[in-house]
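Structure record follows, encoded as structure tokens.
Just the heavy atoms: all of them, side chains too, but no hydrogens, waters or symmetry mates, feed the values below. Just so we're clear, the structure is a prediction, and the values are computed from it rather than from any experiment.
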Amino acid sequence: MAERSDPLPQEIMDAERFIEDLLQDTQHPVHNRAHPLHKESVQALNKMIERMDEMRDEWLSKG
């Protein structure tokens with residue numbers, strides 16, 4: 001596979017780094033089903049991952 005000439009946009013890299021940090025934070029509500037914000041945290045994380053997938057797909061389709 002040929003390497004792309006344009007780098008991955010900074011917004012995508014930053015969001016992916018944030019998601020990775022959040023998933024490593026074992027104290028975050030996303031990891032605690034008993035936390036009052038667990039459900040909302042999981043929903044927000046899922047939406048963020050979906051959006052990052054869309055943005056990455058858009059970037060890949062431009063090349």
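- Atom-to-atom distance recorded for Glu40:CD and Gln43:CD is 6.0 Å, nearest 0.5 angstrom.
- Between the side chain of His38 and the backbone N or O of Pro29 there is at least one donor-acceptor pair closer than 3.5 Å.
- Residues Ile19 and Trp59 share a single hydrophobic cluster, defined by chaining ILVMFWY side chains whose heavy atoms lie under 4.5 Å apart.
- Here the side chains of Leu45 and Leu23 are in contact, with some heavy-atom distance below 4.5 Å.
- With rounding to the nearest 0.5 angstrom, the CG atom of Asp57 is 12.0 Å from the NZ atom of Lys62.
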Practice task
For salt bridge (Lys or Arg N to Asp or Glu O under 4.0 Å), just list the numbers for Lys47 and Glu50, CA-CA rounded to whole Å, side-chain angles, deciding distance to a tenth of an Å, and then say yes or no.
Solution key: CA-CA 5 Å; Lys47 285 181 183 179; Glu50 286 175 16; over 6 Å; no
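- Side-chain atoms of His31 never come within 3.5 Å of backbone atoms of Thr26 as a donor-acceptor pair (strictly under, hydrogens ignored).
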Distance-only check: which donor-acceptor pairs under 3.5 Å involve side-chain atoms of residues 8-15, not counting sequence neighbours?
{"residue": "Gln10", "atom": "NE2", "partner": "Asp14", "partner atom": "OD1", "Å": "2.6"}
{"residue": "Asp14", "atom": "OD1", "partner": "Arg17", "partner atom": "NH1", "Å": "3.2"}

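- The OG atom of Ser41 lies 7.5 Å from the CG atom of Leu22; values are rounded to the nearest 0.5 Å.
- With a 6.0 Å radius and a threshold of 12 heavy atoms from other residues, nucleotides or ligands, Glu54 has its CD atom above the threshold.
- Residues satisfying the side chain to side chain donor-acceptor pair (under 3.5 Å) criterion with Glu16, sequence neighbours excluded, are Arg56.
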